[in-house]
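Inspection log for the structure reproduced underneath, given as structure tokens.
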Amino acid sequence: MMENTHEDIKKDISPDRLDYYAEIKKSGMAPLWENLHHMLTPEPKVKSLPHHWEYSSVRKLLLNSANLISAAEAERRVLMLENPGLPGNCSITESLFAGLQLIMPGEVAPAHRHSPAALRFIIEGSGAYTAVNGEKTYMEPGDFVITPSWCWHDHGHEGKEPVVWLDGLDIPLVRVIGSIFVEHYPEERFPEGPPPGDSLERYGNNMRPVGVLPDDLNSPIFSYPYERSRETLEKLRNSSDLDPYHGLKLEYIDPTTGGPAISTISTFLQLMPKGFKSEKYQSTESLIYSPVEGSGTVIIGQGDNEQVFNWKAQDIFVIPCWHPHRFEIKEEAIVFNFSDKIVQTKLGLWRERRGNA
Ligand code: GTQ
């Protein structure tokens, strides 16, 4: 898409007007009437583009990084998934960051905390943990782990194979509103707190101690193990109709409020059976997908702009804001995805279009 800023003002503008624009520019002003129509478009236009990262090719590149830098030196050894429409922006969409993080056996990624929130979706390997405020969570492929805003966290690895996970953070969103903070813990690791699994044991059975009200906008559960989420999908598929647009799509929630697991990022696990063809759908949220099982095709955009990605488990792809898309499923698929839907919803800005409605 053409970048159009008021620096571009030129064509068919009388010399008088151009002189005037130059004069007002010195006073920090610009004419709205030259910009109005690209600022306020009938429908959303974003710079990010649909894109697909094949895990088999990015995996090799990611593993090579371990020969060049340690997790400790890097602080976080992450290859950012940068949207080709937003070069140099450290973002996968206008509002979200995504990256692939690698940790090798015996390594520690030192403790820090930041105002942006993070999610981890485990792609490969086992034996690594994330400790959030000192509570360790050992991670397995398909597990969804949260690191809410301003919680101390360090990562470590007690297993034998490389471990890779997808990081999703709301850095671009927090950056645009100016509220970025980070703090480094003076030690490598934050002191050990509750035993592994404590938060899930306390809050994972839909009970809350009487008199304890939610004191946080985030889930008190740090880890949503794949085994449990998958079991829920399996149960529901036998008793629910498939949504023609989403198949069977579940949202990860904070059990104490029913709200999203992370206050600023919506997170989902979705099942689409073999042969399922979804109907055309678009929404204002930008979506990042990480298939866990199965394979299929996503067709994004329409007409001359149509793009077709054939994806399989462990790949990543992004569907930017307001891009119509549909799925064709080859082998029964379970896909994780996350978006900025909750932020848009809270601000009264989220919209969707089902089919051509
Ligand atoms: O693991 O804390 O991908 O701070 C980017 C920034 C991961 C993390 C990222 C981070 C982290």
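Along the sequence shown, residues carry numbers from 1. Each ligand, and each atom within it, is numbered from 1 in the order the structure gives. For the numbers below, each heavy atom of this structure counts, side chains included, while hydrogens, waters and symmetry mates do not.
Side-chain polar atoms of Ser283 and Arg351 form no donor-acceptor pair below 3.5 angstrom. Between the side chains of His114 and His153, at least one donor N or O sits under 3.5 Å from an acceptor N or O.
With His155 as the fixed residue, the ring-ring contact (aromatic ring centres under 6.0 Å, His included) test singles out one of Tyr138, Trp165, Tyr129: Trp165.
The ring of Tyr281 has its center closer than 6.0 angstrom to the ring center of His246.
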Between ligand 1 and the protein, tabulate every N or O atom pair separated by less than 3.5 Å, reporting distance only.
residue  : atom  : partner : partner atom : Å
ligand 1 : 1 (O) : Arg76   : NE           : 2.9
ligand 1 : 1 (O) : Gln101  : NE2          : 3.3
ligand 1 : 1 (O) : Arg120  : NH1          : 2.9
ligand 1 : 1 (O) : Arg120  : NH2          : 3.4
ligand 1 : 1 (O) : His155  : NE2          : 2.8
ligand 1 : 2 (O) : Arg76   : NE           : 2.9
ligand 1 : 2 (O) : His112  : NE2          : 2.9
ligand 1 : 2 (O) : His114  : NE2          : 3.4
ligand 1 : 2 (O) : His153  : NE2          : 2.7
ligand 1 : 3 (O) : Asp167  : OD2          : 2.8
ligand 1 : 4 (O) : His112  : NE2          : 3.1
ligand 1 : 4 (O) : His114  : NE2          : 2.8

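Hydrophobic clustering, defined by side-chain heavy atoms of Ile, Leu, Val, Met, Phe, Trp and Tyr closer than 4.5 Å, groups Phe181 together with Trp150.
For the atom pair NZ of Lys136 and CZ of Arg189, the computed distance is 4.5 Å after rounding to the nearest 0.5 Å.
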